[in-house]
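Notes follow the structure.
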2 protein chains.
Amino acid sequence: MTALTRRERLRAELERDAKAAARRIAAEEGVEGLTVAAVARAVGVTPPALYRYFNGRAGLVRAVYDDVTAEFMDNVARALHRQDPDDISAQLHAATRAVLDWSLANKVEFDLLMGAAYPKIAESEEGIPKVIARELGGFFGVPFARLWREGRLTIDADEDIDPALAGQLRTYRTHVGLDFPIGVVLLMVICWRQIYGLLCMAVYGHHQFAFDDPVPLFEHMMDHLLGILGLERSPGLRMP
Amino acid sequence: MTALTRRERLRAELERDAKAAARRIAAEEGVEGLTVAAVARAVGVTPPALYRYFNGRAGLVRAVYDDVTAEFMDNVARALHRQDPDDISAQLHAATRAVLDWSLANKVEFDLLMGAAYPKIAESEEGIPKVIARELGGFFGVPFARLWREGRLTIDADEDIDPALAGQLRTYRTHVGLDFPIGVVLLMVICWRQIYGLLCMAVYGHHQFAFDDPVPLFEHMMDHLLGILGLERSPGLRMP
DNA sequence: GGCACATGGTTAATAGTATTCACTCTTTTA
DNA sequence: TAAAAGAGTGAATACTATTAACCATGTGCC
């Protein structure tokens, strides 16, 4: 049973409302518009009251970050699991497209997760939960691992990789907790580099004067990336 | 002769000092730390005085943006012109490396030029000078044009490019004012996508837990990009 | 030279922000 | 039921931007 006292219930409600207000304000006004006073107004209390719930302004930003991270992960995971479990091409395509769509629909949040606001959060006292890199690496790492097991990837041999780079690739592999040659990790990074560049172009509006709609570039890139992995665009791709 | 009145001289000096202080403060404290009050303190006047020089806080940010843009352009141009004028590989390599080095040494400024702060500036009343896209496109566009003229590029034929994408590529080509097939533009964008992704990874510290030093990844990427262009790493590369 | 005007600074005032502290009212608990 | 704990408020401090009124001084003209 919900053996919640009246106080606990009210507290949970206000915390929920405040988080929701913070997310909405951040999305509408940008992170710099996310102020303690604005959230207090939105939930109908005075600013000092929120200090019983959050660690000041930084705590509000952090709360939004945690919310947004969960939403993002969920989004990508659902896009991936919407595909045929044996259709790796569709899985990678859909997951990547989900990243693009979410990022475009949530530019402020993208900035928090992967942009300029990220380093500040990472350097905060709480830091970034290790889970994230592992989980996100996992989304893409698992299909890559399968492609490798099935012998479909053409990868560089360990000894052909610059030792400095190889060390970094091993660190990354350890972090996401997967077990395949660092040549596979290198392939993942090569793909991510391009995806991330396209995301930043689209979200930050760089070159927007020409590439107003990022989808044509995205689809062209996906064809290229799937090609690198020995795959083709899947006819069974399921978009939401 | 410098027929400057005392007043004009003092004004020029204060403007110069204020701009320098603004740049320093932004670099040290981040753009959010760049306040009218802080600059006023640094140059020894009261905050309202700066309103005779800048359009408030937004004007200060804009002044820093303009300064930084000029510095960035100059940096890339000098790295490029330091190379043998016939060594396209060295030119592209050096210019790209200059972009990376400058971005890492000036993370806040990078954010202003190509990151989250960029859209706000682009949407301000003054907008972004058209010159920039043209100039930056030119740095890389000119070597690409030469490679194409020399018949060294393998590019997609116009009719093999998705019409939606082709239209965007034509817009881009018009904007930078160069004259080659859109397949060449596509190659440029493919390269930029990867460079930009690597820059954002390095500057924003994404995946920093593993890729603390971005240079190994950068050099690996350059080998790949030069390969796409039918080039090899130049032995004559001159680094500063 | 002296006078009028333009320039560029000041102070004061308004309004917004974060944050801490002391206090009070309410709820919980012993 | 009385003590303790919790959660809000109001006041105070210290920042921030920005505008307005004001004043001193430099500039240019007669």
Side-chain angles (χ1 to χ4, degrees), chain A residues 1-22 24-26 28-65 108 117 120-121 124-126, chain B residues 1-22 24-26 28-65 108 117 120-121 124-126:
Chain A
M1 292 300 293
T2 57
L4 286 180
T5 72
R6 165 178 167 77
R7 213 173 236 169
E8 284 169 330
R9 186 170 44 79
L10 289 176
R11 184 180 180 86
E13 277 175 20
L14 182 51
E15 183 175 347
R16 180 175 45 74
D17 291 350
K19 276 186 184 171
R24 184 184 52 75
I25 291 167
E28 285 173 4
E29 318 280 343
V31 184
E32 71 283 356
L34 172 56
T35 66
V36 178
V39 175
R41 269 193 301 274
V43 297
V45 295
T46 58
L50 291 179
Y51 283 78
R52 305 259 184 210
Y53 294 79
F54 305 93
N55 181 21
R57 208 196 95 98
L60 280 177
V61 175
R62 178 62 195 219
V64 171
Y65 173 83
V108 174
K120 286 162 205 153
I121 293 171
S124 72
E125 32 186 286
E126 292 145 43
Chain B
M1 294 299 292
T2 57
L4 286 180
T5 73
R6 165 180 168 74
R7 217 176 230 168
E8 285 169 328
R9 187 169 44 79
L10 289 176
R11 183 179 181 86
E13 277 174 19
L14 182 51
E15 184 175 347
R16 181 173 44 73
D17 291 351
K19 276 185 184 171
R24 185 183 52 74
I25 291 168
E28 286 173 2
E29 319 279 344
V31 185
E32 71 282 356
L34 173 55
T35 67
V36 179
V39 175
R41 270 193 302 273
V43 296
V45 296
T46 58
L50 291 179
Y51 283 78
R52 305 267 185 206
Y53 293 80
F54 304 93
N55 181 21
R57 208 196 96 97
L60 279 177
V61 175
R62 178 62 194 217
V64 171
Y65 173 82
V108 174
K120 286 162 205 154
I121 292 171
S124 72
E125 32 186 286
E126 291 145 44

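Bear in mind the structure is a predicted one, so any value in this text is a computation, not a measurement. Every heavy atom of this structure was used, including side-chain atoms; hydrogens, water molecules and symmetry mates were not. The sequence lines fix the lettering, A, B, ..., with proteins before strands; numbering per chain opens at 1.
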Select one nucleotide: of D:dA7, C:dA18, C:dG8, the one nearest the side-chain heavy atoms of A:Arg7. D:dA7
Closer than 4.0 Å, any side-chain N/O of A:Thr46 to the OP1 or OP2 of D:dG8? no
Is there a side-chain contact between A:Thr5 and the phosphate of C:dT28, meaning an N or O under 4.0 Å from OP1 or OP2? yes
Upstream residue (5' side of DNA chain D) when B:Arg6 and B:Pro48 are each assigned their closest nucleotide: B:Pro48
Nearest to the B:Tyr53 side chain among D:dA17, C:dG9, C:dT17, which nucleotide is it? C:dG9
Base of C:dT7, side chain of B:Arg52 - is there a donor-acceptor contact under 3.5 Å? no
Atom pair distance, as rounded to whole Å: CD in B:Glu32 and P in D:dA17: 13 Å
Taking atom OG1 of B:Thr35 and atom CG of B:Leu60, what is their separation to the nearest 0.5 Å? 8.5 Å
Please report, rounded to the nearest Å, how far the P atom of C:dG9 is from the CG atom of B:Asp17. 12 Å
Nearest whole angstrom, please: distance from the C1' of D:dA17 to the CZ of B:Phe54. 16 Å
What is the separation between atom CZ on B:Arg9 and atom P on D:dT25, rounded to the nearest whole Å? 17 Å
For a quick test of reading the model: is some side-chain N or O of A:Arg57 closer than 4.0 Å to OP1 or OP2 of C:dT19? no
Can you tell if the side chain of B:Ile121 reaches within under 4.5 Å of the side chain of B:Arg62, non-hydrogen atoms only? yes
Is the shortest heavy-atom distance from the side chain of B:Phe54 to the side chain of B:Val36 under 4.5 Å? no
Would B:Arg11 and B:Glu8 count as a side-chain contact (heavy atoms from CB on, under 4.5 Å) if you check the C-alpha gap in whole Å, the side-chain angles of each, and the deciding distance to 0.1 Å? CA-CA 5 Å; B:Arg11 183 179 181 86; B:Glu8 285 169 328; 5.6 Å; no
How close or far is atom C1' of C:dC25 from atom CG of A:Leu10, stated in whole angstroms? 14 Å
Of A:Tyr51 and B:Leu14, whose nearest nucleotide on DNA chain C comes first from the 5' end? B:Leu14
Just N and O in the side chain of B:Arg41: are any of them under 4.0 Å from OP1 or OP2 of D:dT16? yes
So which nucleotide from C:dT17, C:dT10, D:dG8 ends up closest to the side chain of A:Ala49? D:dG8
Would you check, one step at a time, whether the test side-chain contact (heavy atoms from CB on, under 4.5 Å) holds for A:Lys19 with A:Arg16? CA-CA 5 Å; A:Lys19 276 186 184 171; A:Arg16 180 175 45 74; 5.9 Å; no
Grab the CG-C1' distance between A:Leu50 and D:dA7 for me, whole Å please. 12 Å
Without decimals, in angstroms, what is the distance between A:Glu8 CD and D:dA5 C1'? 12 Å
In whole Å, what is the span from the CD atom of B:Glu13 to the P atom of C:dG9? 12 Å
